[in-house]
Amino acid sequence: MLATTLISLALASCALAAPSVESKKRASCDISKATIAYPQGQSLPAPTHTPSYIAIALGTQNYTCSSAGTYTNVGALAELFDIACLYNTPVFANIQDSVYDLWKFMPPAISAQSVITSLHGSSSPAILGQHYYVTNPVTGTGASPKWDFTSQGATKGNVDAYVVAAKSAGITAPTGKQDVDWVQLKAVTGKLAAEIYRVDTRGGQPPATCTPGESTVVKYVAKYWLLGSSL
Ligand SMILES: *[C@@H]1O[C@H](CO)[C@@H](O)[C@H](O)[C@H]1NC(C)=O
């Protein structure tokens, strides 16, 4: 049931695609001139590369409770779907709302991992890959966000199709405190992208207080823009 719903979503975005041979390596439609839309007066630093991928992601933000009784972000896990071909369509601007509605009302037993696992065998080109955290490759301690397209779609089997990044800027979500911040990140290792933007976020924020030692995962949806791929 879950897989069916998500695959329908994936195929719906795919159906709008007009794949061509030369675009096979990258996003399924030309997005080299696409730009991130911001509400009036709010923005992140402008990118210095052209867009390579635009994805809608669904997953969870992970938190553990600090001794101060507040949640600290310790990671995330999400599945990314290609929406490059939806850019310039009426669906693009608010797709995060439709996907968040779908994701939010799925039973708690359906985790981000079970979504990823259930779609793993699918050969749909609309599935780009996964977002999760790994040990910081530079310092060897702490966690760094990674985007990994090595197991899906056009980049399947390409060992360089990943990027581990570090945050370079952030703003409070223009939609409010219930949504995770919009952030810009820069690549640390990997060839998938030089810059990453997380925008149009929905959900993902933890409860305001907690009991030290507790942990929780909070569902979220976001658009990820990956720019400057050197694959
Ligand atoms: C985040 O939570 C998911 C469960 O949704 C888990 O599979 C994943 O390993 C967690 N990652 C981190 C870094 O905590």
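As the structure lists them, so they are numbered: ligands from 1, and atoms in each ligand from 1.
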Of Val134, Thr216, Asn62, the one whose closest heavy atom lies nearest atom 12 (C) of ligand 1 is Asn62
Is the shortest heavy-atom distance from the side chain of Asn62 to the side chain of Ser215 under 4.5 Å?
no
Would you say the side chain of Leu227 lies within less than 4.5 Å of the side chain of Ile196, judging by non-hydrogen atoms?
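Sidechains of Leu227 and Ile196: no contact.
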Among protein heavy atoms, which lies nearest [atom], and at what distance?
atom	result
atom 7 (O) of ligand 1	Leu77 CD2, 3.5 Å
atom 13 (C) of ligand 1	Val74 O, 3.7 Å
atom 5 (O) of ligand 1	Thr60 OG1, 3.3 Å

Within a distance under 4.0 Å of any heavy atom of Val217, pick out the atoms of ligand 1 and give their elements.
2 (O)
Taking the six-membered ring where the residue is Trp, are the ring centres of Tyr224 and Trp147 under 6.0 Å apart?
yes
Is it the case that Gln152 and Gln130 place a side-chain donor and acceptor less than 3.5 Å from each other?
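Judged by distance alone, the side chains do pair up.
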Count the heavy atoms of every other residue, nucleotide or ligand shown that sit under 6.0 Å from NE2 of His49, and state whether that count exceeds 12.
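It does: His49 NE2 has more than 12 such atoms within range.
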